[in-house]
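Below is one structure, written out as structure tokens, with a few remarks after it.
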Protein chains: 2
Amino acid sequence: MESRCENCIIRQFNSLRAMSKEELKKVSDSKTTKTVKKGEPLFEEGDKLNGVYCVRNGVSKLSKLSANGKDQIVKLATKGEVLGQRSVISQESTNLSAIAVDDMEVCFIPKESINNTLQKNPNFTLEVLRHMAHDLKEADDVIVNISQKTVKQRMAEAFLYLKNNFGEDEDGFLSLTLSREDISNVVGTATESAIRIISEFKKKGLIHTSGKKIGIKDERKLLEMVEGF
Amino acid sequence: MESRCENCIIRQFNSLRAMSKEELKKVSDSKTTKTVKKGEPLFEEGDKLNGVYCVRNGVSKLSKLSANGKDQIVKLATKGEVLGQRSVISQESTNLSAIAVDDMEVCFIPKESINNTLQKNPNFTLEVLRHMAHDLKEADDVIVNISQKTVKQRMAEAFLYLKNNFGEDEDGFLSLTLSREDISNVVGTATESAIRIISEFKKKGLIHTSGKKIGIKDERKLLEMVEGF
DNA sequence: ACAATTTACTGATAATTATCATATTTTAAA
DNA sequence: TTTAAAATATGATAATTATCAGTAAATTGT
């Protein structure tokens with residue numbers, strides 16, 4: 001496993017690619033590598049972050065606790081994504097928790113390295129800005145989806161999203177296996193409702209399951225459902 | 001009315017304050033001032049923007065059309081806010097429409113001025129980044145609110161939001177008067193449902209109305225409702 | 001000032017979604 | 001391996017919210 005940022009392929013997927021060689025060296029010297037086990041937090045809502053986390057492996061859910069005690073998952077972050085940027089940039093405590101959905105391997109980069117580069121390298125700043133602009137656009141889409149689509153449509157969308165972003169295994173199941181509760185927290189519905197819809201989709205031949213694993217059977221019909229047919 | 005950016009107070013509220021004198025002069029020379037009448041669009045979903053709009057006066061709703069034909073209002077932008085930034089930065093067409101809720105006065109700043117400064121002035125880029133980080137955080141809050149709160153709670157929240165962000169007039173009505181439909185599009189519900197809840201709040205003495213104007217009567221109870229009591 | 005149009009409102013009802021209760025299966029721990 | 005705990009599943013029911021139909025009020029243009 002390569003341990004120098006200069007040679008890390010992961011970098012190509014995030015804003016760190018806009019750093020200069022020297023900047024990367026500094027980052028690499030200051031970074032630490034951590035493993036986080038499934039279910040453990042990288043950080044929690046309200047924490048003040050002393051740096052960002054670059055995901056090398058595994059998946060993390062970014063979620064926010066609501067007043068009624070339910071979590072809402074706002075994003076699923078995987079290989080190449082940088083977590084905690086927003087908090088470091090705005091120098092506020094995070095509004096989200098990051099919890100490992102898989103076993104993860106992450107690099108922790110102290111905020112000093114980031115802030116330094118932000119102030120000196122406009123290319124890097126611009127790259128971060130582009131990423132954040134993209135995230136914001138996605139967030140707008142999520143808002144519209146949640147408020148204008150039915151739970152059934154959002155469930156269908158969630159499965160397609162999981163397929164497109166995390167792929168399938170050899171047996172045709174979604175590579176990322178979420179608990180029913182996590183699924184309901186992505187979709188923004190009660191766990192029982194999510195389970196019920198999974199059963200319904202199964203009966204209709206849209207998906208198949210095996211334990212908690214879910215596979216997509218009829219992508220077209222799922223897509224039609226999202227579109228509202 | 002001052003027409004040079006260098007002397008414009010509005011600037012203090014947005015990222016333009018991080019521009020240098022020379023940069024501001026260039027912006028000022030290239031900008032054009034427009035008035036937009038109530039109901040008219042600044043730009044529409046899918047447009048490619050050739051610049052950003054700095055709001056001098058009035059309020060604009062930023063909304064996105066959903067598949068079922070309803071608009072979702074994602075943000076209400078007022079004096080000092082810069083619209084279209086995201087689109088210009090990511091060089092994509094906008095995902096949102098901006099429509100005047102009031103008569104507006106805006107300055108249009110061609111994207112060249114912005115892009116130039118973004119590449120040369122890290123302070124400016126960082127400032128824009130901070131703003132975007134803030135917007136993203138707010139978007140997360142909206143997501144959690146919509147998915148975890150009831151329509152009634154979101155209505156209560158919307159009224160408090162309008163009071164806190166746009167204030168009240170001499171008679172105790174919210175300064176920003178939205179149509180019932182716009183309110184429902186902010187909250188993410190059917191117009192009839194919004195109207196029904198307004199009637200209910202009125203009966204309970206939480207608000208009072210006069211025509212389409214709405215005033216807050218019992219802020220505390222509204223707050224309690226938002227919190228879930 | 002008046003007709004035309006849009007917006008606001010109300011009731012009845014249907015559809016969607018959440019909640020509670022409980023059974024079953026799976027997973028983890030002793 | 002057995003037991004306990006957690007996750008999944010399903011039914012019954014209640015609560016919430018949307019939709020449709022229709023009336024009243026307000027706004028706009030002439």
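Numbered from 1 within each chain, the chains take letters A, B, ... in sequence-line order. Quick caveat: nothing in here was measured; it's all calculated off a predicted structure.
Under the side chain to side chain donor-acceptor pair (under 3.5 Å) criterion, A/Q72 pairs with B/S147, B/Q148, sequence neighbours left out. Scanning for salt bridge (Lys or Arg N to Asp or Glu O under 4.0 Å) contacts around B/E181 gives an empty result, with sequence neighbours left out. Not counting sequence neighbours, B/D102 has no partner by the salt bridge (Lys or Arg N to Asp or Glu O under 4.0 Å) test. Looking at residues two or more places apart in sequence or on another chain, you find a ring-ring contact (aromatic ring centres under 6.0 Å, His included) between B/H208 and B/F173.
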Extract from the structure each pairing of a protein N or O with an N or O of nucleotides 28-30 of chain D at less than 3.5 Å, listing the distance.
none

Polar atom pairs (N or O), protein with nucleotides 1-9 of chain C, under 3.5 Å:
{"from": "C/dA8", "atom 1": "OP1", "to": "B/R180", "atom 2": "N", "distance (Å)": "3.2"}
{"from": "C/dA8", "atom 1": "OP2", "to": "B/R180", "atom 2": "N", "distance (Å)": "3.3"}
{"from": "C/dC9", "atom 1": "OP1", "to": "B/R180", "atom 2": "NH2", "distance (Å)": "3.3"}
{"from": "C/dC9", "atom 1": "OP2", "to": "B/R180", "atom 2": "NE", "distance (Å)": "2.5"}
{"from": "C/dC9", "atom 1": "OP2", "to": "B/R180", "atom 2": "NH2", "distance (Å)": "3.1"}

Any protein N or O atoms within reach of nucleotides 3-6 of chain D? Criterion: under 3.5 Å, listing atom names and distances.
none

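The two residues B/R154 and B/V187 come nearest to each other via the heavy atoms NH2-O, 2.9 Å.
Contact annotation: A/S193 side-chain N/O to C/dT16 OP1/OP2 distance is not under 4.0 Å.
Judged as a salt bridge (charged side-chain N to carboxylate O under 4.0 Å, His left out), the pairs with a partner in residues 160-171 of chain A (not counting sequence neighbours) are, in order, A/K163-A/E168, A/K163-A/E219. Applying the ring pair (Phe, Tyr, Trp, His ring centres under 6.0 Å) definition to pairs two or more places apart or across chains, those involving residues 37-63 of chain A are A/F43-A/Y53, A/Y53-A/F108. Sorted by first and then second residue, the salt bridge (charged side-chain N to carboxylate O under 4.0 Å, His left out) pairs with a member in residues 37-47 of chain B read B/E45-B/K64; sequence neighbours excluded. Evaluation of the ring pair (Phe, Tyr, Trp, His ring centres under 6.0 Å) test over residues 71-101 of chain A, restricted to residues two or more places apart or in two chains, returns none.
Salt bridge B/R196/B/E200: absent, no basic N to carboxylate O contact under 4.0 Å. Ion pairing of B/E81 with B/K75 is present here, as a side-chain N (NZ or NE/NH1/NH2) and a carboxylate O approach within less than 4.0 Å.
A/N68 places its CG atom 17 Å from the P atom of D/dA15, with the value rounded to the nearest Å. We find that CZ of A/R154 is positioned 13 Å from C1' of C/dA18, with the value rounded to whole Å. One interatomic measurement links the two molecules: CD of A/Q148 to C1' of D/dT19, which rounds to 15 Å at whole-angstrom precision. Regarding A/N185, its CG atom lies at a distance of 12 Å from the P atom of C/dA18, rounded to whole Å. The nearest whole Å value for the distance from the NZ atom in A/K213 to the P atom in D/dT8 is 14 Å. The nearest whole Å value for the distance from the NZ atom in A/K149 to the C1' atom in D/dA18 is 18 Å. Atom CD1 in A/I197 sits roughly 15 Å away from atom P in D/dG11 (whole-Å rounding).
Looking at A/R196, its side chain comes within 3.5 Å of the base of C/dT19 through a donor and an acceptor atom.
Under the side-chain contact (heavy atoms from CB on, under 4.5 Å) rule, A/V52 has a single partner from A/V82, A/N14, A/L16, which is A/V82.
Rounded to 10°, the angle separating the first-five-pair axis and the last-five-pair axis of the helix from C/dA1-D/dT30 to C/dA30-D/dT1 equals 60°.
For the pair B/T209 (side chain) and B/K213 (backbone), a donor-acceptor distance under 3.5 Å is absent. Side-chain atoms of A/S90 come within 3.5 Å of backbone N or O of A/R86 as a donor-acceptor pair.
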